[in-house]
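Inspection log for the structure reproduced underneath, given as structure tokens.
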Amino acid sequence: MDRSELKHEASKSLHLLPPQRNVSPSMINFADLIDNTMSANDKQGFGTKAVHAGVTPDPTTGAIMTPIFQTSTYVQASPGEHKGYEYARTQNPTRDALQESLAALEGGKYGVCFASGLAAMDAVIKMFKAGDEFLCGHDLYGGSYRLLVKVYEPLGIKSRYIDMTDLELVKKSIRPETKLIWLETPTNPTLQITDIKAVCDIAREYNIPVCVDNTFASPYLQNPLSLGATLVHHSITKYIAGHSDVVMGGIVTSDDAIAEKLKFIQNASGGVPGPQDCFLVLRGIKTLHIRMDRSCENAMQLADYLSKHPKVGKVMYPGLKTHPQHTLATSQMKNYGGMISFDLKDDSIASANKVLSGTKLFSLAESLGGVESLIGHPASMTHAAIPREQRLQSGLTDSLIRLSVGIESIEDLIADMEEALSGV
Ligand SMILES: *Cc1c(COP(=O)(O)O)cnc(C)c1O
């Protein structure tokens, strides 16, 4: 499906959607409020949007925080006469507020949230059909790769994996059946940077939409829509929620037809997040910029410390001048993020294990993006399924250690790392 067909497909589904909000007078006020904040949003700074976007005082009580609308259904006055809400899979006010907020943070028109990052990706894939093919970065998040290869490949939606930092290769790899480019930047765990604008420029020549998984950067550091992407994907679980207490995903787009299609799939397939989780994420978002600032600051100092440590081999952090794409990262991102990878001069799993079990503040766990610092070993954890030879080729060495740097005091984080490295 090319872009115009995609739009056509999306518009064909429109008649399947429930009628637009059948609004009562009180709802009209509520909707107006949202529209007014939307237009003001464009000029507001990120911090203001993080605190205010999508959130309006509850019209019935004035509660400043959006309530947790823990309900499955809504009472109707007579059949079809309701306040814009019929059933909670289709609409929920807590979710609506979050979706508005997410859209504003990415500078997009629409946000659509799902029960996990992978459920959000699943909804994007469902816009396509058997015979279509995705062109993806070769170091995609493992779960994204699994979804495409194990679930959708047997159903006829194919995917190919290439080095997205090689723009000539991107160009050469586009085929008639290529219908979507899916990329992540910075990548996991080697923190390579893909030039979003350059890939989008190529994709536009072929009328192919680009979806950027923006999980690692967060909307605070990088806004792919402004660089030409059609869709932005987030594992909200990570930086956006930020407190390691929610699993959720979201898509942002400014394309009307694609948004309708995604909302249709959200309702038709039903992978929606619950209102309690939406509330927690709305709460987390209010401090996204502050958390991110501190994570970036801590990560920069820690990367600097690690790069001078005698036992440390290579340090991968886009903020270091030694990072091969440092200049690109500087132009594309507002700051360099909270993720660092490094390996050891003694490149063995045994040495890595000493560090991994030697830290006290850095907890050994999968995931990232929370206020607490985490440490992980991709070769045995997130990337264990990849054959060793293939893993080594992409720079994922045996001793490679991945850090998600939290917002603790930097002196303590460095002391913790110093202690753990002394055991190697
Ligand atoms: C975690 C993650 C996902 C998957 O999100 P879930 O919320 O765990 O389903 C996708 N992409 C990236 C880059 C991730 O880190």
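Every number for a ligand or one of its atoms is a count from 1 in the order of the listing. One is the number of the first residue; the rest follow in order along the sequence.
Tyr317 and Asp304 share no side-chain donor-acceptor pair at under 3.5 Å.
The closest protein non-hydrogen atom to atom 7 (O) of ligand 1 is Thr237 OG1, 2.6 Å. The protein non-hydrogen atom at the shortest distance from atom 5 (O) of ligand 1 is Ser235 OG, 3.0 Å. Distance from atom 4 (C) of ligand 1 to its nearest protein heavy atom, with residue and atom name: Tyr141 CE2, 3.5 Å.
By the criterion of a heavy-atom distance under 4.0 Å, the side chain of Asp213, and not its backbone, is placed next to ligand 1. If you look at Met121 next to ligand 1, there are no close heavy atoms at all, none under 4.0 Å.
Taking the ring pair (Phe, Tyr, Trp, His ring centres under 6.0 Å) definition, one finds that Phe69 meets it with nothing, sequence neighbours left out.
Heavy-atom proximity to atom 9 (O) of ligand 1, evaluated over Val246, Leu140, Leu118, is greatest for Leu118.
We find that Lys179 and Glu133 are not joined by a salt bridge, their nearest charged nitrogen and carboxylate oxygen being 4.0 Å or further apart. By the 4.0 Å N-to-carboxylate-O rule, Asp132 lies too far from Lys158 to be salt-bridged with it.
Considering both main-chain and side-chain atoms, Phe216 never comes within under 3.5 Å of ligand 1 through any nitrogen or oxygen pair. Of the N or O atoms in Gly117, one or more lie within a sub-3.5 Å distance of an N or O in ligand 1. For ligand 1, one of its N or O atoms has an N or O atom of Lys238 under 3.5 Å away.
For residues 410-424, the side chain to side chain donor-acceptor pair (under 3.5 Å) pairs, not counting sequence neighbours, are Tyr305-Glu418.
Judged by the 6.0 Å distance and 45° axis criteria, Lys238 is positioned over the aromatic ring of Tyr141.
Residue-ligand proximity, Met248 to ligand 1, at heavy-atom distances under 4.0 Å covers atoms 7 (O). The distance from ligand 1 to the heavy atoms of Ser116 drops below 4.0 Å at these ligand atoms: 7 (O), 9 (O).
With Leu140 as the fixed residue, the side-chain contact (heavy atoms from CB on, under 4.5 Å) test singles out one of Thr187, Leu148, Asp213: Leu148.
Taking a 6.0 Å sphere around NZ of Lys126, one finds it holds more than 12 heavy atoms contributed by other residues, nucleotides or ligands.
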